[in-house]
Amino acid sequence: MEGIARDPEPGPRPATSRHVAEVLAEVATISAYFEVETEPLESGWRPLTELLTDPDPLSDRIAEVAKRLSTTETQIAASIFFQGLAARLWSPVIGAAVTRELLVDLAPARSFWRPTPSGPIPLRVTHPAGWEITDPDRAAEPLYRAVVTGLLEPLAHTVQAIIKIAPGLLWGNAASALAGTVQAIARRHPELAARAVALERELLSMGVLESSGELVEPAPGRLFFVRRSCCLYYRLPAGGKCGDCALIDSETRREQWTRALRDTRGGP
């Protein structure tokens, strides 16, 4: 009614450092990709900003991945590294948002990483911060800004500065990593699967992820992500096509979905 003041819409409320640390500890039980340590820094930890924006340490990491994969093609190593780090950054953020309605702050200025010979890169925040999500239906936009704009876009720019690689390939990798994150959450928390998929669907419609792929539902309630690009894994000596690869023919894809559905139901 005209002339009557309205209360502003409630915005995100800052969460206490203790609460954020507790949520991160809970989310870490899903898998190693969801782990974020919150202890004080020790020797060996390096600023996350360095890994995202400094060509030298990034080149070193890509070279290590190439050696581990037994390939001289730096494009393949860069692609696999980008997808792995994307999964590492998506996982704790999406996990906290879906399970506890918390937006974790992994801003590079407050986050650190430690080199490791294999497995997910260790992450640590020394002063955990985040915000309570007061409107879950509008959570996708701040999540997109936190992960894609704040973390993955700087990483993609640095990768492309040192290696010639298609942007669509990198964003297909980011979308595939998001899909894998949602699958991991759904397996651990089946009661939250619908919420996780709804968030995934909205994120896949935004910005650089918009044309990366689509969610397909070959059976009621069973969704599979199909990307529109390829991560190049098939070009490795012992590689093959990933389940969401754009290069898989339709008949093979239907067979894969049928097997996955059968395995889930426990049928013959």
Side-chain angles (χ1 to χ4, degrees), residues 24 28 31-93 104-127 146-178 180-181 208 212 227 229-240 242:
L24 286 173
S31 84
Y33 278 91
F34 290 76
E35 294 178 5
V36 178
E37 301 176 25
T38 56
E39 293 82 4
L41 283 184
E42 304 156 348
S43 61
W45 288 93
R46 300 158 69 172
L48 184 58
T49 303
E50 172 190 89
L51 186 62
L52 302 183
T53 62
D54 189 333
D56 291 336
L58 186 58
S59 295
D60 291 342
R61 294 300 299 178
I62 292 172
E64 290 172 10
V65 171
K67 182 178 180 180
R68 190 163 66 244
L69 297 175
S70 300
T71 181
T72 58
E73 294 190 64
T74 54
Q75 278 188 329
I76 302 175
S79 171
I80 301 304
F81 172 80
F82 184 93
Q83 183 156 336
L85 186 53
R88 192 69 183 89
L89 298 172
W90 275 124
S91 294
V93 177
V104 174
D105 184 1
L106 286 187
R110 67 168 64 248
S111 303
F112 299 84
W113 71 288
R114 180 167 52 82
T116 184
S118 62
I121 289 176
L123 294 177
R124 181 174 289 193
V125 291
T126 54
H127 301 287
V147 178
V148 179
T149 306
L151 301 170
L152 296 182
E153 286 188 347
L155 175 62
H157 292 156
T158 309
V159 169
Q160 291 175 292
I162 59 179
I163 296 170
K164 186 176 181 180
I165 192 167
L169 183 156
L170 294 180
W171 297 124
N173 286 2
S176 181
L178 170 61
T181 295
V208 293
S212 60
R227 58 186 291 169
S229 59
C230 171
C231 71
L232 307 180
Y233 182 75
Y234 78 98
R235 282 165 42 178
L236 291 174
C242 305

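These numbers come from a predicted model, not from an experiment.
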Inset, instruction - Could you tell me which residues satisfy side-chain contact (heavy atoms from CB on, under 4.5 Å) with Asp60, sequence neighbours excluded, listed by chain and number? - result: none

Under 3.5 Å, which donor-acceptor pairs do the side chains of residues 162-172 form with other protein atoms, sequence neighbours left out?
none

Inset, instruction - Apply salt bridge (charged side-chain N to carboxylate O under 4.0 Å, His left out) to Arg235 and list each qualifying residue two or more places apart in sequence or on a separate chain. - result: Glu73

Legend entry - Among Val147, Val36, Val104, side-chain contact (heavy atoms from CB on, under 4.5 Å) partner for Pro92: Val36

Inset, instruction - Would you please name every residue forming a side-chain contact (heavy atoms from CB on, under 4.5 Å) with Ala87, sequence neighbours left out? - result: Tyr33, Ala177

Legend entry - Listed once per pair and sorted, the side chain to side chain donor-acceptor pair (under 3.5 Å) pairs that draw on residues 108-117, sequence neighbours left out: Asp105-Arg110

Inset, instruction - Please name the pair of heavy atoms, one in Cys242 and one in Cys231, separated by the smallest distance, quoted to 0.1 Å. - result: SG-SG, 3.8 Å

Inset, instruction - Could I get the full list of side-chain contact (heavy atoms from CB on, under 4.5 Å) partners for Thr158, not counting sequence neighbours? - result: Thr53, Pro55, Leu58

Legend entry - pair Pro117-Arg68: side-chain heavy atoms closer than 4.5 Å: no

Legend entry - Gln160: partners by side-chain hydrogen bond (donor to acceptor under 3.5 Å, both in side chains), with sequence neighbours left out: none

Legend entry - Pairing of Glu64 and Lys67 as salt bridge, 4.0 angstrom limit: no

Legend entry - Sequence-distant partners of Glu153, salt bridge (charged side-chain N to carboxylate O under 4.0 Å, His left out), two or more places apart: none

Legend entry - From CD1 (Ile80) to CG (Leu85), nearest 0.5 Å: 13.0 Å

Inset, instruction - Find the distance between CZ (Phe81) and CD1 (Ile121) and round it off to the nearest 0.5 Å. - result: 4.5 Å

Legend entry - Interatomic spacing from OG1 in Thr49 to CZ in Phe112 - rounded to 0.5 Å: 8.5 Å

Inset, instruction - Identify the heavy atoms of Ala174 and Leu152 that sit nearest to each other, and give their distance. - result: CB-CD1, 4.0 Å

For residues 40-47, run the donor-acceptor check on the side chains, cut-off 3.5 Å, and write out each pair with its distance to 0.1 Å, sequence neighbours left out.
| unit_1 | atom_1 | unit_2 | atom_2 | d |
| --- | --- | --- | --- | --- |
| Arg46 | NE | Glu50 | OE1 | 2.7 |
| Arg46 | NH2 | Glu50 | OE1 | 3.1 |

Legend entry - Side-chain (Arg88) to main-chain (Glu35) donor-acceptor, under 3.5 angstrom: yes

Legend entry - Ile62 CD1 to Phe82 CZ distance, which is reported to the nearest 0.5 Å: 10.5 Å

Legend entry - Reported CG-to-CG distance for the pair Leu123 and Leu51, which is rounded to 0.5 angstrom: 9.0 Å

Inset, instruction - Please identify each residue that fulfils side-chain contact (heavy atoms from CB on, under 4.5 Å) with Thr181, with sequence neighbours left out. - result: Phe34, Trp90, Ser91, Ile94, Ile185

Legend entry - Contact summary for Thr38 and Arg124, nearest pair of heavy atoms: N-CG, 4.4 Å

Legend entry - CG-CG distance between Leu89 and Leu151, expressed to the nearest 0.5 angstrom: 5.0 Å

